[in-house]
Amino acid sequence: MKMDSELLHSPVVCLAEEEEADMSDWNLPLAFMKKRHSEKIEGSKALAQSWRMKDRMKTVSVALVLCLNVGVDPPDVVKTSPCARLECWIDPLSMSPQKALETIGANLQKQYENWQPRARYKQSLDPTVDEVKKLCTSLRRNAKEERVLFHYNGHGVPRPTVNGEIWVFNKVAAINPNHPLAQMPLPPSMKNCIQLAACEASELLPMNPDLPADLFTSCLTTPIKIALRWFCMQKSAKLVPGVTLDLIEKIPGRLNDRRTPLGELNWIFTAITDTIAWNVLPRDLFQKLFRQDLLVASLFRNFLLAERIMRSYNCTPVSSPRLPPTYMHAMWQAWDLAVDICLSQLPTIIEEGTAFRHSPFFAEQLTAFQVWLTMGVENRSPPEQLPIVLQVLLSQVHRLRALDLLGRFLDLGPWAVSLALSVGIFPYVLKLLQSSARELRPLLVFIWAKILAVDSSCQADLVKDNGHKYFLSVLADPYMPAEHRTMAVFILAVIVNSYTTGQEACLQGNLIAICLEQLSDPHPLLRQWVAICLGRIWQNFDSARWCGVRDSAHEKLYSLLSDPIPEVRCAAVFALGTFVGNSAERTDHSTTIDHNVAMMLAQLINDGSPVVRKELVVALSHLVVQYESNFCTVALQFMEEEKNYPVPSPANTLEPGNLTPVRDSPAIPRLRSVNSYTNIRAATTARNLNKSLQNLNLNEEGGPVAFSPGNLSTSSSASSTLGSPDNDEYILSFETIDKMRRVSSYSSLNSLIGVSFNSVYTQIWRVLLHLAADPFPEVSDLAMKVLNSIAYKATMNARPQRILDSGSLTQSAPASPTRHACTPHTHTHTHTHAQLILHTIFIFLTLPGLLAGSPPMPSASSSSLTNEVPKPPIRGGEQPPMRPPYTPTLGGQAPHSHQFPRTRKMFDKGPSGSELAYMNANLSTGLCDWSAKYFAQPVMKIPEEHDVESQVRKEREWRFLRNARVRKQSQRITQRGVTRLDDQIFINRNPGVPSVVKFHPFNPCIAVADKDSICFWDWEKAERLDYFYNGNPRYTRITAMEYLNGHDYSLLLTATDDGALRIWKNFADQRNPEMVTAWQGLSDMLPTTRGLARRVSICLDRSKGQGGAGMVVDWEQETGLLMTSGDVRVIRIWDTEREMKVQDIPTGADSCVTCLSCDSQRSLIAAGLGDGSVRLYDRRMGANESKWIVDGDVRFFELRSPDSVNVLQTVKGLTALDIHPQANLFACGSMNQFIAVYNSNGDVISNIKYYDGFMGQRIGAISCLAFHPYWPHLAVGSNDYYMSIYSAEKRLR
């Protein structure tokens, strides 16, 4: 035994335990950590694209002015003997002067025609001033806005004058390209003048007889020939035996045939000079000189060679604009090597006829580019080989590899795409779409997806060149992998996006039918983009819409509304929204289709993902725009009917949310502002009036009676009204809409819907009302925009003819069958599928209390409509805490036209005519642009969390080691046995009465929730970390909290008793808390039912089954499942990965669920109910259950036995109970102001009645308590605002 004990605590075993715990943490899934949760749903900021030349130009005319005066040397130039004589590779002394002049002119023209064959050439040989002037004037006039090239050779005339004048014959022409431009302002027409000259003003041209006299012209017009001659004249040429100047003239091939030696050298030369220029020149200058004009680009490439050759002869070619020096660039060495390899083969090729071996230049440069891609680091300079990759695309030999490397480069991000486009990659990849090679398809699709994700303006170029057909064929190819089809459909979605020509072209290409075949593909990203593509092709394009109707596209899209991936559901909603959003004339057939689509969309009202609900609001807004007059009639009739409801006088009531009244409230500190709160509406008044309580009468058992619309109450502090002419509030405020939703019930539905029950417009109006009270602010804001736009138009415009029955909305409809009746206590689940759909839509959305006429709201109540800080509840007369500022955008109310000041701005400070159409245009969620960011960002890069060297990975490793240490150390303590638990290690006064407490499993942090705010404490340092507002409406309270991903990046889930779930991040640190997501976890919890029991009795008597439990949750990190229940008759299970409801398990009881506990290993759920029963459910068996009865005792059960195995008598007035997950302990809190801690045998190990260090002050009535998941710590909250923690051991603070 001793050896075992030593072994147990040996370092080796401890290490193994930590490693095992570490692995268990690594294997746990993370919830709500997808990009849709961490990023704002919006597109990336568009980069300024400078690659597309707006002012692309062409050189249309060329003037060749030769002043040679053959046979006569200029008087001011002393030539050597022998001297350079060749002009355009012709010896002028070998023939008569006139013939030589004409031959040289003809040769020069041929040399230029190799670079620009379509230009108009005019020779002017030994001209006079008038001839030159006439020539220039004529060419300039004919060229219009295009360029004219003026070539001047003055080898037969004197050097330019000191005034910068050049000579022709008989007279002087004032044109000098060498004159310093800075000293003499140019006229506007010459600002775009580009000039090239052979040398500086103080230099002489080289006279080496082995060189041509017009060396500069030779470099510009015959670069390969002069480059090879110059190479042979260098000392390094001796390394290539047998190569002479005469042999160079015999190099086989043509310049434009890349398969021949001469053509390959020309190709390499082009690639090298392009690369040098791209790496040395500023980007804008490179674009101007090397991409704007083909002839100018050729001349400047050759100018780089001229600089290299002429500098070796002490001449410095000059240019305007001036270029940086390039003659020493390292790429010239690659050129020398390529020339060396070519010339070394020349003797055997010519003499023996051996085959030419192609240069390894391009393969080597691709390898260098690959090394840059593989071995480089972030934030590096661009790869210098990028222009060479562009040239390699022309070669079939290297094309596949070049495309692959280009794709990998583009995958680095938008900056890489912009860089490639600036090099000039676009026309090359556009031309490659004409290729039929199947092996190029994946690469071209990937490259084009990257390009269009960064610059969508390329859509026009694709359609113009019929490039869309290429991607249609890829999408229709069933043998293409799903990833490539996804990129193809993304490209097509960009082509048809707000581009009518693209929509027409793709419609003719049968895009809709091809997309519909892909809707059921197992690849989620493909399904998503197929839906987006469909939504875009028929957006404002009626021909495509009717094509979709013929193919039943809308019905096929319905299947995606229940897709497990939220982004796919969102894309389907987008597609259906644009489907009903066309502005063409409506027929009965199209109207029926629109109604069917709308009712299918309405089923997503309680979808778990806010991105889906946001898209739902936008989709329904399209319907609202199409049928505006109908919706105006619905809104107007609801508002008119609301006036008929009697308004009881308001009465003061107790403040809801506290279990016991407290006489003196502590001063509450200022809350932190929260980033997400700028759109969350706060409670707008001091909560001195309780509207809900006035709507209820108590029966003998203290339960609510049947709810009637007639006894709806309104008060000056809460009702949003049309009011008197003095009331200038808006038509529909958040308070109004939220009140409509919460006072509605399914039982009152029948009396309200009347004969308008089947009106689609009425039902969609209710859906929008529900979405306007959504717990996620962005969803609520969008819905408020739509509702207020219609409400405003309904009141301001002439009232349209009613579409509803002339009978009142409150006219009773025939009662529904008894088996379908649903009251708060007789809720059955025998509905058919269709009835369940209606139940989901209507259960909150009947509309008693809409806009009742009541006195004007006082100024204090308007804070939700301004930038003022709203006022939270005032406790005990002390100053309330300051809530973060809430500024609802465009949400609010607008009264009837005769009451409205016409000068106010719409829905900010009132409507104005200039903003009437704000809802019609550009109401969108940014989903498509956000989804497109996927293709712009790296997809081949290893995610940071998987990179073992990344900071994210190191932080996770640290957290997991910490977790293992906490588990190990706490296990040692609990294994020894806890004999006492009364050492108070923390006490502090909470800003609000604690209602829920939750220890973080591994950090020394505890979350304490009061009615509507959350406070975080560091219980080791005894300091407050954070305090922020949860954002729930003022008539609700927080009833449950859970830490999600507690082992890693923690999130906090809060549940409120209106059924809403909110998830927060960045809490308890230096950053502002942010809402990750929020949704309606339970859709049929009624505030009137919830609030009643709290107000009737301080002690919640669960035995009568009337208590309000609020919302209770249990979280399974291993499966990502969230169990929810409460004041409902079901246990609802949510899959957080899919953000969908996956199961509803009926409780089979008429009372609320007060607690939940799940066993993920055996799919079991135990639920405690308000009637004292404990029921056990198996998720795999649906509604089957086991039942035990607990009547005020603590009972132990064996799951396979119907009877309890042990019964313990505990404290009287039990208000809270918790069980330690690791140690055999449970604690009970009493309203009689004490806590009892028991072990599993029922022995009391601690009885806590007094605070330490408070002179024996008695603790308050216990409102909540919770054990730490690992440490033997017990947190206790009491109604005197104090929060204390008790432990089994002393800990240093």
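Owing to the predicted nature of the structure, the values given are computational and were not obtained by experimental measurement. Computation of the quantities below employed the complete heavy-atom set of this structure, encompassing side-chain atoms and omitting hydrogens, waters and symmetry-equivalent molecules.
The closest side-chain donor-acceptor pair between His770 and Asn606 falls under 3.5 angstrom. Side-chain contact annotation: Asp1010 with Ser995, donor-acceptor N/O pair under 3.5 Å absent. Glu1139 and His37 form a side-chain donor-acceptor contact under 3.5 Å, judged by distance and modelled atom types alone.
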Audit row: Thr1054, Ile1014, side chain to side chain contact (heavy atoms under 4.5 Å, CB included) steps and yes/no: CA-CA 9 Å; Thr1054 63; Ile1014 304 155; 3.4 Å; yes
Check against side chain to side chain contact (heavy atoms under 4.5 Å, CB included), Ile1165 and Ile1131: CA-CA 9 Å; Ile1165 302 175; Ile1131 298 171; 4.2 Å; yes
Derivation and outcome, side chain to side chain contact (heavy atoms under 4.5 Å, CB included), residues Trp1079 and Ser609: CA-CA 7 Å; Trp1079 75 101; Ser609 174; over 6 Å; no
Check against salt bridge (Lys or Arg N to Asp or Glu O under 4.0 Å), Asp1144 and Arg1132: CA-CA 5 Å; Asp1144 269 355; Arg1132 180 161 295 170; 2.8 Å; yes
Step-by-step side chain to side chain contact (heavy atoms under 4.5 Å, CB included) determination, Ile565 to Arg527: CA-CA 10 Å; Ile565 307 299; Arg527 299 196 302 273; 3.9 Å; yes
Intermediate values then yes/no, side-chain hydrogen bond (donor to acceptor under 3.5 Å, both in side chains), Trp765 and Gln763: CA-CA 5 Å; Trp765 183 259; Gln763 298 176 33; over 6 Å; no
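Side chains of Asp1058 and Pro1033 form a contact here, defined as non-hydrogen atoms less than 4.5 Å apart. Side-chain contact between Val993 and Lys1011 is absent, with no heavy atoms from C-beta onward closer than 4.5 Å. Thr1136 places none of its side-chain heavy atoms less than 4.5 Å from the side chain of Leu1121. The shortest side-chain heavy-atom distance between Asp1150 and Asp1171 does not fall under the 4.5 Å cut-off. Side chains of Val997 and Met1041 form no contact here, defined as non-hydrogen atoms less than 4.5 Å apart. By the 4.5 Å heavy-atom criterion applied to side chains, Thr1056 and Thr1039 are not counted as neighbours. Taking the side chain as every heavy atom from C-beta outward, His1047 and Leu30 approach each other to under 4.5 Å. When side chains are defined from C-beta on, Asp1127 does not count as touching Leu1082, because their heavy atoms never get closer than 4.5 Å.
Using a distance-only test at 3.5 Å, with no hydrogens or angles considered, no donor-acceptor pair links the side chain of Glu1042 to the main chain of Asp1114. In this structure, the side chain of Gln1117 engages the main chain of Pro29 through a donor-acceptor pair within 3.5 Å. In this structure, the side chain of Asn1224 does not engage the main chain of Ser1240 through any donor-acceptor pair within 3.5 Å. When atom types are taken as modelled, the side chain of Thr1215 and the backbone of Gly1229 share a donor-acceptor pair closer than 3.5 angstrom. In this structure a side-chain-to-backbone donor-acceptor pair under 3.5 Å is missing from Ser1163 to Asp1178. A donor-acceptor contact shorter than 3.5 Å is absent between the side chain of Ser1157 and the backbone of Ala1166.
To the nearest 0.5 Å, atoms CG (Leu616) and SG (Cys570) are separated by 9.5 Å. Taking CG of Leu769 as the reference point, atom CG of Asp774 lies at 13.0 Å (rounded to 0.5 Å). Atom CD1 of Ile1063 is separated from atom CG of Leu1053 by 4.5 Å, given to the nearest 0.5 angstrom. We find the CD1-CE distance between Ile764 and Met599 to be 5.5 Å, quoted to the nearest 0.5 Å. Interatomic distance, Leu1169 CG to Cys1152 SG, rounded to the nearest 0.5 Å: 7.5 Å. Interatomic distance, Tyr1177 OH to Ser1125 OG, rounded to the nearest 0.5 Å: 8.0 Å.
Under 4.0 Å is where a charged nitrogen must lie from a carboxylate oxygen, and between Glu567 and Lys34 no such pair does. Salt bridge Arg1037/Asp1012: absent, no basic N to carboxylate O contact under 4.0 Å. Contact check on Asp607 versus Arg613 returns no salt bridge, with no Lys/Arg side-chain nitrogen under 4.0 Å from an Asp/Glu carboxylate oxygen. Between Glu615 and Arg36 there is no salt bridge, since none of the side-chain N atoms of the basic residue sits less than 4.0 Å from a carboxylate O of the acidic one.
Across all non-hydrogen atoms, the minimal contact from Ala572 to Leu561 is CB-CD2, 3.9 Å. Counting all heavy atoms, side chain and backbone alike, Leu1061 lies closest to Ala1055 at CD2-CB, 3.6 Å. Closest of all the heavy-atom pairs between Asn1030 and Arg1062 is O-CD, 3.2 Å. The two residues Phe1267 and Ala1227 have their closest heavy-atom pair at CE1-N, 3.6 Å. Contact record, Asp1135 with Arg1138: OD2-NE, 3.0 Å, taken as the closest heavy-atom pair. In terms of heavy-atom proximity, Ala1007 sits nearest to Tyr1043 at CB-OH, 3.5 Å.
The distance between the ring centers of Trp1134 and Phe32 does not fall below 6.0 angstrom.
Each of Ile1145, Leu1156, Val1153 was compared with Met1123 under the side chain to side chain contact (heavy atoms under 4.5 Å, CB included) criterion, and only Leu1156 meets it.
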